[in-house]
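Order of appearance sets the numbers: ligands from 1, and atoms from 1 within every ligand.
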Amino acid sequence: MKSILRKVDQGVQLTKEDAVALLKTHNQSPEFYELIAKANELSRKNYQNRGYIFVQIGINSDPCSGNCKFCSIAKDNFCVEEQASKSQGEILEQVNKIDFARITALFLMTTADYSQEDFLKIGKAVRAILPPHVIMVANVGDFDDAYALKLKDAGFGAAYHIVRLREGSDTALPREQRIRTLDAIKKAGLDLYYCVEPIGREHSYDEMADEMIRAREYGVDVMAVMARTPVRGTAFEHEKPITELEQTKIAAVARLVTNPGKSMNIHEPKKMALLAGVNQLYAEIGVNPRDTKGETEKGRGFGVDEVIALLEEAEYHVD
Ligand code: SF4
């Protein structure tokens with residue numbers, strides 16, 4: 001632990017072996033606290049103690065061919081209370097209701113099969129009413145180089161895209177396709193927002209370390225870790241989730257290994273991880289793959305005021 005943390009102090013990139021060694025830290029050991037203290041120190045210093053709030057609007061809940069086994073919207077385990085798709089007017093109305101004064105980014109999320117052309121139209125209309133300081137982020141299915149450029153032209157500044165843990169076996173989406181989209185995002189000059197997800201008890205530290213390093217290789221400035229939610233009706237409904245302490249450790253390791261330039265997030269919002277270098281949280285509106293409610297703000301989703309309160313309790317400033 002000490003020699004790896006010394007490398008962090010010296011600005012030396014951590015190897016996969018370092019990442020795995022850190023992930024193996026016993027959660028009830030004194031070293032656990034050394035690890036989270038270092039992640040916390042870096043975030044406080046490198047991010048000037050700034051906290052970030054992102055908002056995501058889930059646009060549609062059409063049964064999705066991505067068929068991720070953990071997702072409430074997947075076609076084989078569809079368990080959202082209703083199939084629905086917000087109209088452009090409804091989305092604009094929703095956006096108009098949000099007070100963006102302390103919000104940095106707005107994510108628009110769709111299922112993998114959503115019409116690319118319709119998404120561009122919605123993006124352009126949303127961009128037209130968004131305050132200039134808010135980054136618009138696409139969270140959609142796979143796309144090619146040409147579509148990545150269209151997203152940029154429509155006013156998107158970033159895209160959330162990842163290779164999920166067990167992509168291709170717990171999902172119907174080939175890893176290579178996911179990687180081609182990551183490449184398209186970077187080529188178009190969009191920022192890539194990344195996450196190690198959805199973490200379950202069966203995933204090895206080796207698999208998690210691979211995704212932390214992949215994010216670093218893509219030069220990610222906005223990084224996250226997400227635990228898998230055992231949504232009722234999905235293939236993982238009876239699987240016990242990882243503990244909050246475990247997820248806090250994984251967040252700390254991702255913070256040190258990926259070393260994102262701007263922020264570190266944990267999903268869903270959790271207080272404990274704010275001691276371990278996490279300085280960014282999401283509020284959510286609309287459909288959400290971890291919820292069976294059509295409007296997650298009435299279910300699992302956190303509201304803007306709630307995430308602001310969490311960050312402020314951890315003495316991150318969010319103005
Ligand atoms: S996580 Fe996304 S791609 Fe996978 S089934 Fe759900 S909506 Fe589709």
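Taking CD from Glu167 and CD1 from Ile179, the interatomic distance works out to 9.0 Å, rounded to the nearest 0.5 Å.
Annotation: cation-pi geometry not satisfied between Lys69 and Phe236 (NZ/CZ under 6.0 angstrom from ring centroid, within 45° of ring axis).
Taking the ring centroids of Phe302 and Tyr282, they lie at or beyond the 6.0 Å cut-off.
Of the protein's non-hydrogen atoms, the one nearest atom 6 (Fe) of ligand 1 is Cys71 SG, 2.3 Å.
For ligand 1, the atoms closer than 4.0 angstrom to any heavy atom of Asn67 are 5 (S).
Under a 4.0 Å N-O distance rule, the pair Asp142/Arg178 qualifies as a salt bridge.
Within the structure, ligand 1 lacks Thr171 among the residues with a heavy atom less than 4.0 angstrom away.
Checking Cys68, Cys64, Ser65 against atom 4 (Fe) of ligand 1, the nearest heavy atom belongs to Cys68. Looking at Met109, Arg164, Lys75, it is Arg164 that brings a heavy atom closest to atom 2 (Fe) of ligand 1.
The side-chain contact (heavy atoms from CB on, under 4.5 Å) test with Thr104 singles out one residue from Arg50, Gln280, His133, and that residue is Arg50.
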